[in-house]
2 protein chains.
Amino acid sequence: MSSGSDQQDIKREKILEAAYQRFLHYGYSKTTMNEIAGDLSLSKALLYYYFPDKSQLYTAVMRKLAGEYLDKLQNKLNKFTDLKEAFVSQINTQHDFIVKNYNFFDFFRLNEQNLPDTIWEIITEIHQAEMVLLSAAIQLEAEKGRIKPVNNPGEIVDLLLYALHGVRVSAVSHKKVMFPQKEHLDEIHAKRLLLVDIFVKGLMY
Amino acid sequence: MSSGSDQQDIKREKILEAAYQRFLHYGYSKTTMNEIAGDLSLSKALLYYYFPDKSQLYTAVMRKLAGEYLDKLQNKLNKFTDLKEAFVSQINTQHDFIVKNYNFFDFFRLNEQNLPDTIWEIITEIHQAEMVLLSAAIQLEAEKGRIKPVNNPGEIVDLLLYALHGVRVSAVSHKKVMFPQKEHLDEIHAKRLLLVDIFVKGLMY
DNA sequence: TTTTGATAATTTTGTTAAAATAGTCAGTTT
DNA sequence: AAACTGACTATTTTAACAAAATTATCAAAA
C-alpha cells in the first residue's frame, strides 16, 4: 500500500471523498467523471492519473467504506461479554452502515445480477472478516462453557449470516430482492434481533 | 371454480398440461402460444377461448403446481410428531418441489424484479398457507409444553421462513440472488436442515 | 358451444445515427 | 521526474425507426 508520496496520498483521498459524495447523492450511473473532476476543479484526465477507470474508483471508495465498517465492528467485538451481544453488535453496526450509505448502493440495486468482480471481492472480504470475528466469539463462548462445544464455528456463523441476510420485509411487499427498501430497514433490523435471540438460545445447552 | 362443462374442464386441463411441459422445458419467454396450440393440434385462437392471455395461462399452471405443493405439505404436516419434524417436512417438500420444477421458474430468474402481480399473489398465497400450517404446529407444540409459550406464532414462522429463504450458497459464489443455481440446491437444503435444528432448540426452554 | 383462419395490435429485434461519457496521450507546468 | 491538462479517440447510451415475431381479437364456420 501507499507507494506514492504524501502529497499523492492526500490528493487521492480528496478524490475519494469527492467521488464518495457524488456516488452517495446520485449513484454510480448518474455520476460522471467530469463532475467529480469539476467538484475538485481538476481535469478529468487527472482522475485517470490516480485511478485506472471509473469502476475502480467506485471500488476504491467502497473499499474505504468497508475498512471503516470493519474497524468499527472490530472495536465493538473486542469488548463483548456474551455471544448474543456479539451478534447484536454485528447487526447494529451493519444496520448503521447500510442506513448511512444507503444511496451509495444504488449501484447494487441497479446491477443486481452482474456486479463487477472487484465488488464481489470486497463483499467476500467483508464476509470473511465477519466470519473470523464472529467465529472467534463463538469459540470463546464455547470455551467458557456457555454454549455447546462447536466443532466448526465458521459453519455456524456462515449459516447465521445468510439467515440474517434472508430476513426481509414480510408478505405485503413480498417483492423483495437482494436490496431492501429504505423504509423497511428498521423493520428488518427488529426481525434480525429476534432471530439472533432465538439462534443463540439454540446454541445453548 | 369450474363453472363450465366437464368437456371444457378436460380440455382446459389438457392445455394446462401442454403449457406446463413447454414452460418446464423452455421457460416462459421461449414458449409461444402457437407452439402450445401446435402440441395439441389446436388453433392458437382456442387457447384464448380458454385463457384470457399468456401470462394468465402461465399463472394458471403455477396455481395448479402451488395447489399440488400445498396438498403434499398438508398431508405431511397432518402427522408430525414434533415441531422439528414439521419444519423439516416443509423444507423437504419445498426442496422436492423446486428440484422437480426448476426450469419452470426460469421466468422468475429472468424477470426477477418485476414479476406480474398475479404471480406475487400466488407466492403470497403459498406463504400464507405455510404460515397457517406451521403456526398451528407451533401452537400445538406450545400447548404440549415442549417449547416456550409463544404469543405470536405467525411472527416466529414468518421469521423462520425468511431466514430459510436467505440461506444461500456460501462465499465462493457469493453472487446469489433470489433464485439459486440448480447445482447448489442440495447444499442449501443441508444448511436449512441445520438452521431448523438450531432454531427449534432456540424455541425450547 | 366450440373451433378456426384471417387479421389487428403489440412487443421484440435489429439498424442506424447522434449524443453523452469513458478513457488516452502528447505535451505543458511545476 | 512527477503532477497535471486540453484536445483527441473509443465506447456506451439513447432515440428513432422499420421489420419480424408474437400476442391477441373477431367474424364466421363446424
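A, B, ... follow the sequence lines: proteins, then strands. Residue 1 opens every chain.
Not one side-chain nitrogen or oxygen of Y48(B) sits closer than 4.0 Å to the OP1 or OP2 atom of dT25(D). Distances shorter than 4.0 Å separate some side-chain N or O of Q8(A) from OP1 or OP2 on dA3(D). Phosphate proximity of dT3(C) to Y49(B): absent, as no side-chain N or O sits under 4.0 Å from OP1 or OP2. Between dA3(D) and Q7(A), no contact under 4.0 Å exists linking OP1 or OP2 to a side-chain N or O.
Ring geometry for Y28(B) against Y58(B) counts as perpendicular: the plane angle is over 60°, on a 0 to 90° scale with 30° as the lower cut.
Going from atom NZ of K14(B) over to atom P of dT3(C) covers 11 Å, rounded to whole Å. Regarding D9(B), its CG atom lies at a distance of 15 Å from the P atom of dT1(C), rounded to whole Å. Rounded to whole angstrom, the span from the CG atom of N34(A) across to the P atom of dG6(D) amounts to 11 Å. Look at OH on Y28(B): it is 11 Å from C1' on dT22(D), rounded to the nearest Å. When rounded to the nearest whole Å, the span between NZ of K30(A) and P of dT13(D) equals 12 Å. Whole-Å rounding puts the E35(B) CD to dT23(D) C1' distance at 13 Å. Residue M33(B) contributes atom CE, which lies 17 Å from atom P of dT10(C) at whole-angstrom precision. Atom CG in D53(B) sits about 14 Å away from atom C1' in dA9(C), given to the nearest Å.
For the side-chain contact (heavy atoms from CB on, under 4.5 Å) test with L73(B), the passing option among T93(B), N92(B), I126(B), L134(B) is T93(B); the others fail. Checked options R146(A), K84(A), K148(A); the residue passing with E141(A) is R146(A) (criterion: salt bridge (charged side-chain N to carboxylate O under 4.0 Å, His left out)).
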Full working for ring-ring contact (aromatic ring centres under 6.0 Å, His included) between F107(A) and F23(A): CA-CA 9 Å; F107(A) 188 54; F23(A) 290 140; 8.2 Å; no
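Considering only side-chain atoms of A45(A), the nucleotide from dT5(D), dT25(D), dA24(D) that sits closest is dT5(D). With dT23(D), dG6(D), dT2(C) as the choices, the nucleotide that has an atom nearest any side-chain atom of K54(B) turns out to be dT23(D). When distances run from any side-chain atom of L46(B) to the nucleotides dT22(D), dT3(C), dA22(C), the shortest one goes to dT3(C).
With rounding to the nearest 0.5 Å, the separation of CG in L47(A) from CD1 in I36(A) is 6.5 Å. Distance check: R22(A) CZ to T32(A) OG1 gives 7.0 Å after rounding to the nearest 0.5 Å. I119(B) CD1 to R63(B) CZ: the interatomic distance, rounded to the nearest 0.5 Å, is 8.5 Å.
Comparing Y50(A) and P52(B) against DNA chain D, the residue whose closest nucleotide sits nearer the 5' end is Y50(A).
Cation-pi geometry between K72(B) and F97(B) is not satisfied (NZ or CZ under 6.0 Å from the ring centre, within 45° of the ring normal).
For K44(A) and dG23(C), a side-chain-to-base donor-acceptor distance below 3.5 Å is present, hydrogens and geometry of angles not being considered.
T31(B) comes within contact range of the sugar-phosphate backbone alone, with a heavy-atom separation under 4.0 Å but no base atom that close. At a threshold of 4.0 angstrom between heavy atoms, the contacts of S29(A) with the nucleic acid are absent.
In the helix from dT1(C)-dA30(D) to dT30(C)-dA1(D), the rotation axis of the first five pairs and that of the last five pairs differ in direction by 40°, rounded to 10 degrees.
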